[in-house]
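Worksheet: the structure to be examined is printed underneath.
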Amino acid sequence: MRRDSMRETVDQRIYPYEEVERKWREHWERIGLYTTRDDDRPEFYQLVMFAYPSGDVHMGHFRNYVIGDLVARSKMMQGYRVLHPFGWDAFGLPAENAAIERGIHPREWTLGNIETSRQTLRKIAISYDWEREVITCLPDYYRWTQWLFLTLWERDLAYRAEGMVNWCPQCQTVLANEQVSEGRCERCETPVLKRELTQWYFRITAYADRLLEDIDNLDGWPDSIRTMQRNWIGRSEGTGIDFPLESKERKLSVFTTRPDTIYGVTFLTLAPENPLVKELVRGTEREREVTEYVEKAVAKSEIERASIGAKDGVFTGCYALHPFSGERLPLWVADYVLATYGTGIVMGVPAHDQRDFEFARRYGLAIRVVIEPDSRTLRAEEMEEAYVDPGTMRNSDQFNGCPSGEGIEKVTEYAIAKGLGRRRVNYRLRDWLISRQRYWGAPIPMIHCPKCGIVPVPMSELPVELPVENVDFVPKGRSPLADIPSFIEVSCPTCGGPAKRDADTMDTFVCSSWYYLRYLDPKDEAEPFTKEHAAEWLPIDLYIGGAEHATGHLLYFRFIHKVLYDAGLVPTDEPTERLYNHGMVLDAEGYVMSKSRGNVTSPASVMDENGVDSSRLGMLFAAPPDREIEWTGRAGSGAARFLDRLWRLANDHMEQLRQFDPDSLPERIDPTALSGDERDLYRELNVMLKRVSDDVESLDLNTAIAAMMEFLNSLYRFKATSSRIFLLSLRRLVHALAPFAPHIAEELWHRMGNDETVFTSGWISYDEAATEQELITIAVQVNGKVRSRLEVARDAGEEEIRELALADARVKQHTKNKTVRNVVVVPRRLVNIVTS
RNA sequence: GCGAGAGUGGCGGAAUUGGCAGACGCGCUGGAUUUAGGAUCCAGUCCUACAUAAGGGUGGGGGUUCAAAUCCCCCCUCUCGCACCA
């Protein structure tokens, strides 16, 4: 039996949430409460991460959007004009997969899901300005995603290149580095393979330094995200050193952060993918063996290659010369060397690098100790692992005796002076691979002309529309668009000759990298957004979303914003002032809710069961917003009881509340003019209002709700219910509750005789001075243990407190026969009496 | 392995410029009211206890301090991120 119908038969004073919620939901939409205003008030851009429309919204969305709504509503009440938009990240693979499984077009599937989800969000009464909704898969949006691509192209930040890329055999498409996690496709968890392919990239590495340095200024971001981004960019300062080949006029360049170990080099290793490998062994007796090894290594998945103990390789038969000593160094190929980091060649220093050590031991290569700790002598043949810590340089010619820390600098300077090396900075960050061999994405607006080469589609001809009819989007490892002649065959914009469109579509992270700008001018047909509105609204004041986007979306988002800043289109070099990560919503057993696990709770059913306000309040109360939450279904029962209690108390005094005029009270109430009980209640009221105000600002929403609950408990205990302070208190409590539980608050607000909506009636204010008690209780400790308490005036002096404490009977008992050695008085807090 | 964060009642969690540990809520116990209770109201609820005494207590061990959940050192556990980055 449903809770509401059961209770209605029992207690007519129960809060009839269905009726009240429907009434106000419709009212707010009718009066356009959520419409973004254009006036002189200060603006506040409240953004939540938009959603991928897969069926209906889930509990994680619900939590995210309720937090955002609370901020939006409270800012609205505080007199800001608020921009609180929403939209849909509507391109992407699941639509295609669903389409393949069910025979629906991805477009229908996507738009249907958007409609379902939108209805749920309306029901929850999230205060979105729906007139600004954006849907990334519609031509009037992706037209500007293509504009963004061309803008990057014009600025030499988009390019096409051949290289080793991540390939997901399940999704049948390439992936950006950010979309590979532990060697697996982030989406389907299939182990990722490497393939040599020509693909489109955005040159995010050109912004690596700025993306890194500016992290220091992101004071409003969580430290964890800042650290993750720093690590992801992975800046590393080192030295590039050249090793001449023995047999050819050619040098091999390596990157090292430990040039102090240069005399410990006993071999060089190339990555299997390094094109030099083929060249070196061509025509030699080892060609066959090396080629076989390379083919095998390249075919392995990332996971296999990274598995410990698999540190194998093959000798090329070639040698390089040590740049300082001239010694012959064998050249090896090994799959522990990454082709995409540094130069793809590593100098092997087995004594001082664990990987090189393992490799050398396996293949019997020489190990030479060149750094020694002060405490002991290292013998190569006895070592069980590499010595990687600092020490003193040995066996290193003129550098002998130099501490390794200084050696790094000295060796580098020497190499530079001799023309053998240079300083180098390397990044872990790679350029962003943005092309995808799939149908449901924004077409890349480029044309391949046999005469003119790669030619951009003129901006004026955008959008390049995605064909909708007669598309076979079953993945075949190349873009489905390649098989649609009417799409592919075009004439070259430059020479007019026959040419072909690029058949790939863009990574959906391109679509989501700039959506916050389209909200500013969602219907503009001439520009993606206007500079005027960007100047007005940016940066975003608060951006709320999940931490899983730390090194993906949130990095792309900063990158694209900086590009547009350089293009003079946005006024700030960072997109958002403050970032907030809400915690995940788990099921009652602590598992992530997912379709495959079958443990998904739908917000719509929770709302039907408990009502919108108690569900919202329950979600916010159950845990701090940034911590994960286990949704037990019972989580909202305390919140529901609180709302019911408020409902009853207010309605029981509604006649008086309606007649009560808060203006009949003086602007500043003098507490000393109140009776004792009233004075206490008045103080508690102000304490509650202060806590709610502060906690809303810092997003400590669980404690804000606790403050309101506590205060309601006080109101229940309060007997003189005709007191104006009591009536004022109830009124203020309803006011403070409004952004948390908007429907019930609005209903009570109106029942109290207000005509205007509570959301345009200002924000709660409080009297700071009235939050203080005139008589306070301070604890008296003897040797750190509380033995008594004192009631003293708030401003009682140290001396006075000391004397009162020492005179206290219980204190005397505990200090009997002891010498008082010290008395620590902390005014307004406690006294600690220290005895021998 | 490296980096970041976290360990507090039966449970979710309060308390952080060091100053009364356990706010608020769930659950539980007892009582009131009720035809009924998964409603409402009242009381209790960290542990030990000789029960208004007195101890102990914030993952474990040590330290600083008049005073530590909070600061420092060592260890354990968990979560997240990265993972052969030279």
Side-chain angles (χ1 to χ4, degrees), chain A residues 1 3 6-7 9-11 13-14 181-183 222-232 234-236 238 254-258 261 269 271 302 305-308 310-311 334-338 340-349 352-356 358-359 426-430 547-548 550-551 581 584 590 618 621-624 626-630 632 634-639 641-642 644-645 648 691 700 702-713 716 777-789 821-826 828-835:
Chain A
M1 195 189 275
R3 206 192 88 188
M6 179 164 59
R7 289 216 251 144
T9 61
V10 174
D11 190 342
R13 294 184 303 160
I14 206 74
S181 180
E182 296 180 22
D223 286 339
S224 56
I225 302 287
R226 301 208 284 173
T227 305
M228 277 191 242
Q229 291 211 346
R230 282 194 191 100
N231 294 342
W232 189 265
R235 184 189 149 99
S236 161
V254 304
F255 173 76
T256 179
T257 54
R258 291 294 303 274
T261 64
T269 324
E302 283 280 273
R305 274 182 68 168
S307 59
I308 317 294
K311 211 150 278 160
D335 65 4
Y336 77 90
V337 180
L338 302 176
T340 48
Y341 187 78
T343 60
I345 309 173
V346 163
M347 62 182 211
V349 187
H352 305 295
D353 181 283
Q354 187 57 25
R355 295 153 300 185
D356 297 342
E358 286 167 30
F359 190 73
N426 252 308
Y427 298 93
R428 216 190 66 105
L429 181 72
R430 309 288 149 75
E548 66 273 18
T551 53
N581 295 122
M584 286 191 298
F621 181 59
D626 58 355
R627 214 178 293 183
E628 64 186 26
I629 217 173
E630 283 173 19
T632 60
R634 268 204 310 260
S637 65
R641 202 168 291 173
F642 165 68
D644 285 344
R645 272 162 63 81
R648 271 198 307 276
R691 284 173 63 188
D700 295 317
N702 54 328
T703 50
I705 294 166
M708 291 188 280
M709 287 174 163
E710 252 174 277
F711 189 61
L712 182 65
N713 291 341
Y716 263 85
T777 306
I778 61 175
V780 182
Q781 299 179 330
V782 177
N783 294 326
K785 295 201 171 84
V786 179
R787 298 299 184 185
S788 184
R789 286 166 209 288
R821 303 181 75 100
N822 191 12
V823 180
V824 181
V825 180
V826 184
R828 319 180 89 193
R829 297 212 184 229
L830 56 55
V831 180
N832 190 11
I833 297 163
V834 188
T835 67

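So that the names make sense, note that chain A is the first sequence line, chain B the second, and so on, each numbered from 1.
Using a 4.0 Å heavy-atom criterion, one finds that Arg627(A) contacts the sugar-phosphate atoms exclusively. At a threshold of 4.0 angstrom between heavy atoms, the contacts of Asn231(A) are confined to the sugar-phosphate backbone, with no base atom among them. In this structure, Arg645(A) reaches the sugar-phosphate backbone alone: every heavy-atom distance under 4.0 Å involves primed, P, OP1 or OP2 atoms, never a base. Across all strands shown, Thr269(A) has no heavy atoms under 4.0 Å from either base or sugar-phosphate atoms. Among the atoms of the strands shown, base atoms are found under 4.0 Å from some heavy atom of Val337(A).
Here, rG9(B) and rA69(B) have their P atoms 14 Å apart, quoted to the whole Å. Nucleotides rG10(B) and rU65(B) have their C1' atoms positioned 35 Å apart, rounded to a whole Å. Here the separation of rC66(B) from rU16(B), taken at their P atoms, is 23 Å to the nearest Å. Between rA67(B) and rG19(B), the two P atoms lie 14 Å apart (nearest whole Å). For the P atom pair drawn from rC71(B) and rA6(B), the interatomic distance equals 9 Å after rounding to whole Å. The separation of rA68(B) from rG61(B), taken at their C1' atoms, amounts to 15 Å, rounded to a whole angstrom. Separating the P atom of rC26(B) from that of rG13(B) is a span of 16 Å, rounded to the nearest Å. A gap of 33 Å separates the C1' atoms of rC73(B) and rA23(B), to the nearest Å.
The backbone N or O of Val826(A) sits nowhere less than 3.5 Å from a side-chain atom of Arg828(A) that would complete a donor-acceptor pair. Between the Tyr716(A) side chain and the Arg645(A) main chain, a donor and an acceptor come within less than 3.5 Å of each other. Judged by distance alone, the side chain of Asp353(A) and the main-chain N or O of Gly348(A) form no donor-acceptor pair under 3.5 Å. Using a distance-only test at 3.5 Å, with no hydrogens or angles considered, no donor-acceptor pair links the side chain of Asp700(A) to the main chain of Thr703(A). The backbone N or O of Gly784(A) sits less than 3.5 Å from a side-chain atom of Asn832(A), completing a donor-acceptor pair.
In textbook terms, a nucleotide whose glycosidic angle is within 90° of 0 is syn, and rG9(B) is one such case.
Along RNA chain B, the nucleotide nearest Asn783(A) and the nucleotide nearest Asn713(A) are compared for position; the residue whose nucleotide lies closer to the 5' end is Asn713(A). The residue among Val826(A) and Arg430(A) whose nearest nucleotide of RNA chain B lies closer to the 5′ end is Val826(A).
Inter-residue side-chain proximity for Arg258(A) and Val349(A) is flagged as unmet; no heavy-atom pair is nearer than 4.5 Å. The closest side-chain heavy-atom distance from Val824(A) to Gln781(A) is not below 4.5 Å. Between Asn581(A) and Asp626(A), the closest side-chain pair of non-hydrogen atoms is not below 4.5 Å.
Side-chain atoms of Thr703(A) lie closest to rA14(B) of the nucleotides rC24(B), rA14(B), rC41(B). Among the nucleotides rU40(B), rG12(B), rC66(B), the one closest to the side chain of Phe621(A) is rG12(B). For Lys785(A), the side-chain atoms get nearest to rG56(B) when compared with the rest of rC26(B), rA86(B), rG56(B). Listed candidates were rA83(B), rA86(B), rC20(B). Nearest to the side chain of Ala779(A) is rC20(B). Of the listed nucleotides (rG3(B), rA14(B), rA67(B)), rG3(B) has the atom at the smallest distance from the side chain of Thr227(A). Of the candidate nucleotides rU17(B), rA86(B), rC41(B), rU17(B) has the atom nearest to the side chain of Arg829(A). Of the listed nucleotides (rA86(B), rG13(B), rA23(B)), rA23(B) has the atom at the smallest distance from the side chain of Glu710(A). For Thr257(A), the side-chain atoms get nearest to rA86(B) when compared with the rest of rA14(B), rC24(B), rA86(B). Looking at the side chain of Ala706(A), the nearest of the listed nucleotides rA15(B), rC24(B), rA54(B) is rC24(B). Out of rG25(B), rC66(B), rA86(B), the shortest distance to the side chain of Val834(A) is found at rC66(B).
To the nearest 0.5 Å, the span separating CD on Glu358(A) from OH on Tyr336(A) amounts to 9.0 Å.
As rounded to whole Å, 17 Å separates atom C1' of rG19(B) from atom CZ of Arg787(A). As a whole-Å value, the separation of Arg235(A) CZ from rC82(B) P is 22 Å. If you take CD1 of Ile833(A) and C1' of rC20(B), they are 14 Å apart, rounded to a whole angstrom.
Remark: Ser637(A) is not in phosphate contact with rG25(B), judged by side-chain N or O atoms under 4.0 Å from OP1 or OP2. Contact annotation: Arg428(A) reaches the phosphate of rA83(B) (side-chain N/O to OP1 or OP2, under 4.0 Å).
The pair Asp223(A)-Arg226(A) meets the salt-bridge criterion, with a side-chain N (NZ, NE, NH1 or NH2) lying under 4.0 Å from an Asp/Glu carboxylate O.
For the strand RNA chain B, secondary-structure stems (runs of at least three Watson-Crick or G-U pairs, all distances below 3.5 Å) span B:1-7 with B:76-82, B:10-12 with B:24-26, B:27-32 with B:40-45, B:46-48 with B:54-56, B:59-63 with B:71-75.
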